[in-house]
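What follows is a set of notes on a single structure, which appears directly below.
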Amino acid sequence: MSANVRRHNPRREGATGMSSNGPDDRLESWKAIAGYLRRTERTARRWERHEGLPVHRLSHHDRSSVYAFKNELDAWRAARSTELPNVEADAPRGHSRRLKLALAASLVAAAAGIGGYLWWRAPDPPVAGVPTLAVLPFTIESADTETEHLGGAVAQSLVDQLARASDLRVRPFASSLRNYREAEEPAAIGQRMGVDMIVAGQVEARGNDLTIKVSMVDVAANSQIWGSSFATTFGDLGLLQERMARTLWEEASRHRYGADRPLPPFNSTERLSRNAEAVRHYLRASGPFSLNRGPIQHVINELHRAVELDPDFAAAHSQLSATYMAYAVYGDLPATETYPLGKTHALRALALDPRSASARRTLAAVSHWYDYDHVLAEQQFRAAIAAAPNDAGTRNWYAEFLIDMRRFDEALASARASEERDPGWLVPLVNRGNVLLYAGRPEEAIPVYRQALEIEPGFGFARHQLAHAYVVMGRYAEALPEFERANKDSGATPFSMASLAYGLARAGRPAEAEEMIREFERRRKAGFYPAFTLANAHMGLGNVEQALDWLELSVDEKLFGYYFPSVGQVWDPLRGHPRFRRVLQRFGVPDTSSDSKA
């Protein structure tokens, strides 16, 4: 398994200090390079990775610095001037408030990723095989502020519907969001996403009446395949979405395979309510929701109001189950207050929509992380994959399940399958690193984590795992700042706070780790704070019996960090200890005490 993840470009290898380039011609950082190109740093980095931007590197042990020459950049830009887009590729200016809210609407779907720090995305390379399609967020034309979230919701629903179709691979809506530029042509966005066809649309709302215009474009030819306009109401929006999805699938199939090819059945279920007020509450839940912890209670309140108005609102039940799962991972509430509610709403969603992959995924997660019924969890994960084979999220959750069960080869295969279905999602990339780390190969895991962080420096999960890899290698001085940054980027969740306390102790700062222990204990007395945080902190200090006391309590609390203690070198000093073996037995996960430590 190769861990050499840096891409080498022969167009920028070789001489790094040509005599024709003087000191005034040299740009010494990504900031300077991006400023010279009048682009953001992310765009400059993307151009270097994918477009051959001539950037040079000087290596310094395990790090490197970058520099570029103005005349080389000028020559590169002149050679590619007809190919580069005329809009900023990373931070478009002038997005309307309506568009921003439409984009925010789709973030509610990302709750299915278990935690906000898990949904960073990278540029999407082309995917070969079956025809690929993406749906862009629909723009909004409305004077009604309560309908400003509708564009994202309509597009997300189309993605959910089309994901059920055979002979078609639909990119996750989050990939469309990351690539969307309001002033850019859909075909140009489609080229960047590497899809064959792209769907765009517009929603106009007047009171309870809606007009939706939608078109599908052949990306390579930059020509329209199909387009139409529909009139509906909030109460009939779900029916229209199913109709639009079916028509898009039929037109895409005919365009790719010809009109004479018989079409297989299109399996779909009406997802939105016929109750107009329930739909409005559902959309309000979408608008302000980010995967930070603050707005989650608002989202839950709005979704509960939606299902009170319409108990058969499948999409709202499904989203409630996913939101409760995100709440559970943050660790701010006892698991007994989050997982059972997530399970209840997932079961209701599945009863209303038996093909709901998201509901099956939630049930699998509850079985694994809460009920400790790993046999049932695997059955449910497999059922979710069968219901939506192209769903990247389910395959990634299954990879994490397999890591917990120490089935590393299978975990790697599932993570790669997730990457194939959503090439821009960084979490499966990090999970590839986790397989290496927990299999005892941290030196190979580190470049994988760095690759993710080079793409998105604010990805707290990748930085957190990088810090642990440094600890395994005894590089404590390097680990601590990574733990500190990961804690900041992740929002100081109990998960990241626990690792910071552990990192402080291992880096030779026990007094600060002990102060964090006292803070954790104060929080527990004041309300709730997970026991696993104290177990991690005491492990850093070498307090084995105290760590076991708290770890045993975490079995009952059903919160234990991100992975079970079946993996993770944090727990290696306990392996073989009778109390620790009983903990693993209660969790129902593999006991490697008789194996070599890994």
Side-chain angles (χ1 to χ4, degrees), residues 29-31 41 60-65 115-120 290-294 329-332 426-427 429-430 433-434 437-438 442-443 445-523 529-543 547 550 559-563 568-571:
S29 66
W30 280 117
K31 182 176 181 180
E41 290 185 41
H60 310 284
H61 301 291
D62 63 334
R63 301 188 182 188
S64 63
S65 59
Y117 50 87
L118 299 188
W119 283 85
W120 294 105
S290 72
L291 293 179
N292 294 323
R293 289 174 285 171
V329 170
Y330 286 130
D332 293 323
L426 293 181
V427 179
L429 171 65
V430 173
N434 293 343
L437 174 62
Y438 297 137
E443 71 285 351
I446 286 172
V448 181
Y449 300 141
R450 285 180 178 160
Q451 181 187 15
L453 289 169
E454 183 177 330
I455 295 168
E456 181 45 70
F459 187 15
F461 183 49
R463 197 170 297 279
H464 174 275
Q465 296 300 101
L466 173 64
H468 274 291
Y470 282 147
V471 168
V472 173
M473 297 187 70
R475 295 159 63 175
Y476 305 118
E478 293 171 85
L480 184 56
E482 302 296 350
F483 277 129
E484 292 172 331
R485 172 71 184 273
N487 184 53
K488 179 181 177 181
D489 290 342
S490 300
T493 64
F495 169 63
S496 60
M497 291 281 282
S499 291
L500 176 58
Y502 174 81
L504 284 165
R506 297 305 301 270
R509 292 161 63 175
E512 293 169 79
E514 289 166 354
E515 177 54 38
M516 290 193 73
I517 288 176
R518 289 189 287 271
E519 175 59 25
F520 296 163
E521 291 173 339
R522 284 192 291 269
R523 295 186 184 189
Y529 207 69
F532 77 80
T533 59
L534 288 145
N536 273 261
H538 280 294
M539 284 303 299
L541 292 167
N543 301 330
W550 290 109
L559 289 172
F560 40 82
Y562 196 83
Y563 289 107
Q569 289 87 343
V570 169
W571 311 108

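Since the model is a prediction, treat every value here as computed from it, not as a measurement. Both backbone and side-chain heavy atoms feed into the values below; hydrogens, waters and symmetry mates do not.
- The closest side-chain heavy-atom distance from His464 to Ser490 is not below 4.5 Å.
- The minimum heavy-atom distance linking Trp550 with Ala535 is given by the pair CB-N, 3.7 Å.
- Note that CG of Leu534 and CG of Asn543 are 11.0 Å apart. Values are rounded to the nearest 0.5 Å.
- Rounded to the nearest 0.5 angstrom, Gln451 CD and Glu456 CD are separated by 13.5 Å.
- With sequence neighbours excluded, the residues satisfying side-chain contact (heavy atoms from CB on, under 4.5 Å) with Ala505 are Ala513, Leu541.
- In this structure Arg522 satisfies the salt bridge (charged side-chain N to carboxylate O under 4.0 Å, His left out) test together with Glu515, Glu519, sequence neighbours excluded.
- Taking all atoms of both residues into account, the shortest heavy-atom contact from Leu426 to Phe459 is CB-CE2, 3.7 Å.
- Within the structure, every pair that satisfies the salt bridge (charged side-chain N to carboxylate O under 4.0 Å, His left out) test and touches residues 495-510, not counting sequence neighbours, is listed here: Arg509-Glu512.
- Ring geometry for Phe461 versus Tyr563: interplanar angle of 30 to 60°, hence tilted.
- For Val570, the side-chain contact (heavy atoms from CB on, under 4.5 Å) test picks out His468, Tyr502, Asn536, Met539, with sequence neighbours left out.
- For Arg463, the side-chain contact (heavy atoms from CB on, under 4.5 Å) test picks out Leu453, Pro457, Glu482, Arg485, Ala486, Asp489, with sequence neighbours left out.
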Derivation of the side chain to side chain contact (heavy atoms under 4.5 Å, CB included) call for Arg475 and Ile446: CA-CA 12 Å; Arg475 295 159 63 175; Ile446 286 172; 4.0 Å; yes
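- Heavy atoms only, all atoms of each residue included: Ala479 and Tyr470 are closest at CB-CB, 3.7 Å.
- With a 4.5 Å cut-off on side-chain heavy atoms, Gln465 and Asn434 count as touching.
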Test log, rule side chain to side chain contact (heavy atoms under 4.5 Å, CB included), inputs Leu480 and Leu500: CA-CA 7 Å; Leu480 184 56; Leu500 176 58; 4.2 Å; yes
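- Under the rule for a side-chain contact (heavy atoms from CB on, under 4.5 Å), the partners of Tyr529 that lie at least two apart in sequence or sit in another chain are Pro494, Met497, Phe520, Arg523, Arg524, Thr533.
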